[in-house]
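Below is one structure, written out as structure tokens; comments come after it.
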2 protein chains.
Amino acid sequence: MSHVPPATVEEILAALRLSGGRITTTRRATVETLLANTDRHISADDIVAAVRARYAEVAESTIYRTLSTLEELGVITHMHLDHGPATFHLADRRHRHLVCRGCGAIIEAPADLFAGLVSELEGRYGFTLDEEHFALTGLCVACRG
Amino acid sequence: MSHVPPATVEEILAALRLSGGRITTTRRATVETLLANTDRHISADDIVAAVRARYAEVAESTIYRTLSTLEELGVITHMHLDHGPATFHLADRRHRHLVCRGCGAIIEAPADLFAGLVSELEGRYGFTLDEEHFALTGLCVACRG
DNA sequence: ATAATTGCAAAGTCTTTGCAGTTTG
DNA sequence: CAAACTGCAAAGACTTTGCAATTAT
């Protein structure tokens, strides 16, 4: 809560550099793609496509490796919306995801909705909830019939 | 809440039969394996192994097909504890799962811990939470350092 | 120079599918 | 007998890995 992770392309690349990493065109493009899509839920494959379209050829494996490097750096996180590919986003996103298993709709819920559960788990089990790693699945109004 | 799904081998097989399905040795063995492991979190592969060890040869695909048939019947559900294979269990299990991403420990939490969240989501978004489909990941006391 | 990154192709894990042969009711 | 189930082998989706060639610093 006290530390805000880097949020601009340059800040992220600087953090990468600081950790001993190198800045390449592909890595910059990857970071730009992530920042340009903070409002979407993008998969590794989406990023591959975006980088290929606007910058240069990339191997999938390079993207996967860059993504895990950024994840180790603490800059991004991945999340599982449901079955299917993981999605990646900046680590500072502050909302939780509800995914409808009927139509696939994604509802974003404010983090404070989970505050009670988080402290309950903390208190009773000493369990620190990783609220983002899996979305919550269920059925939306339209799909529950 | 008013309907309790079948909980014995015979009840489950009867339900299967009623829906037009057929009862085979492998299917019976699969159901028995599921019932013999209500306290564990077993994957399709675990079931394949159990059936092969105690009953007969089975193809993986047969187990997967049987599991989805049972799932469509509403008798079982699958759940994702974390990355890795899905786990299967009877649909009537009434607890939620907390999985430590450090050591893999699984903590079972009573369903009522989620009651507040469930009604909140229902009220605010009309979203019916499928509490079981994904476990909640995080860090246990020992691993959070 | 040299350690980090990349591409490519191959492998890995989990799951699904097609199809011909077998079995259940 | 007809519909349902099975095995086998192949494919599919997503992700990881090995290794030699390239590139950033």
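Throughout, a chain's letter reflects where its sequence line sits, starting with A, and its residues are numbered from 1.
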Which whole-number value in Å describes the distance from [X] [atom1] to [N] [atom2]?
X	N	atom1	atom2	answer
B:His83	C:dT13	NE2	P	16 Å
A:Arg17	C:dT5	CZ	C1'	12 Å
A:Asp45	D:dT16	CG	C1'	15 Å
B:Asp46	C:dT13	CG	C1'	14 Å
B:Arg28	C:dT23	CZ	P	18 Å
A:Leu67	C:dT5	CG	C1'	14 Å
B:Asp82	C:dT13	CG	P	17 Å
B:Glu57	C:dT22	CD	P	17 Å

Practice problem: On DNA chain C, check which nucleotide each of B:Ala44 and A:Leu16 is closest to and give me the residue with the more 5' one. | Solution: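 By nearest-heavy-atom nucleotide position, the 5'-most residue is A:Leu16.
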
(message) Both A:Gly20 and B:Thr25 contact DNA chain C. Which one's nearest nucleotide lies toward the 5' end?
(response)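 The 5'-side residue here is A:Gly20.
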
B:Arg96/B:Glu108 salt bridge by N-O under 4.0 Å criterion: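 No, B:Glu108 and B:Arg96 are not salt-bridged.
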
One thing to verify: whether B:Glu60 and B:Arg65 come together as a salt bridge, which I'm taking to mean a side-chain N less than 4.0 angstrom from a carboxylate O.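 Here B:Arg65 does not pair with B:Glu60 in a salt bridge, since their nearest N and O are not under 4.0 Å apart.
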
Degree of bending in the helix from C:dA1-D:dT25 to C:dG25-D:dC1 once both end axes are built from five pairs, to 10°
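Inter-axis angle at the ends, rounded: 30°.
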
> Are any of A:Thr62's side-chain N or O atoms less than 4.0 Å away from OP1 or OP2 of C:dT5?
Replying inline: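 No, no such contact exists.
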
Does D:dT6 have OP1 or OP2 sitting under 4.0 Å from an N or O in the side chain of B:Arg27?
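The answer is yes; a side-chain N or O of B:Arg27 sits under 4.0 Å from OP1 or OP2.
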
Give [X] one of three labels, base, sugar-phosphate or nothing, depending on what nucleic acid heavy atoms sit under 4.0 Å from its own.
X	value
B:Thr66	sugar-phosphate
A:Ser61	base
A:Arg65	base

Original post:
When you check the side-chain N and O atoms of B:Glu120 and B:Tyr125, is any donor under 3.5 Å from an acceptor?
Top reply: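 The criterion, which ignores hydrogens and geometry beyond distance, is not satisfied for B:Tyr125 and B:Glu120.
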
Of the candidate nucleotides [options], which contains the atom at the shortest distance from the side chain of [X]?
X	options	value
B:Glu60	D:dA4, C:dT15, D:dG7	C:dT15
B:Thr24	D:dT6, C:dT6, D:dG7	D:dT6
A:Ala86	C:dT6, D:dT15, C:dA3	D:dT15
A:Tyr64	C:dC14, D:dT16, D:dT6	D:dT16

- Task: Classify the angle between the aromatic ring planes of B:His80 and B:His133 as parallel (below 30°), tilted (30 to 60°) or perpendicular (above 60°).
- Result: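 Because their plane-to-plane angle is over 60°, the rings of B:His80 and B:His133 count as perpendicular.
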
With ring centroids as reference points, do A:His78 and A:His89 lie under 6.0 angstrom apart?
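Here the rings of A:His89 and A:His78 have centres that are no less than 6.0 Å from each other.
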
task = Report yes if some heavy atom in the side chain of B:Val51 is under 4.5 Å from a heavy atom in the side chain of B:Thr33; otherwise report no.
result =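 Yes, side chains in contact.
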
Measuring only between side-chain heavy atoms, which start at C-beta, is B:Thr30 closer than 4.5 Å to B:Ile47?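 Result yes, sub-4.5 Å side-chain heavy-atom pair found.
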
**Study point:** Whether over 12 other heavy atoms sit under 6.0 Å from B:Arg52 CZ
**Key:**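 Yes, the 6.0 Å shell around CZ holds more than 12 heavy atoms from other groups.
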
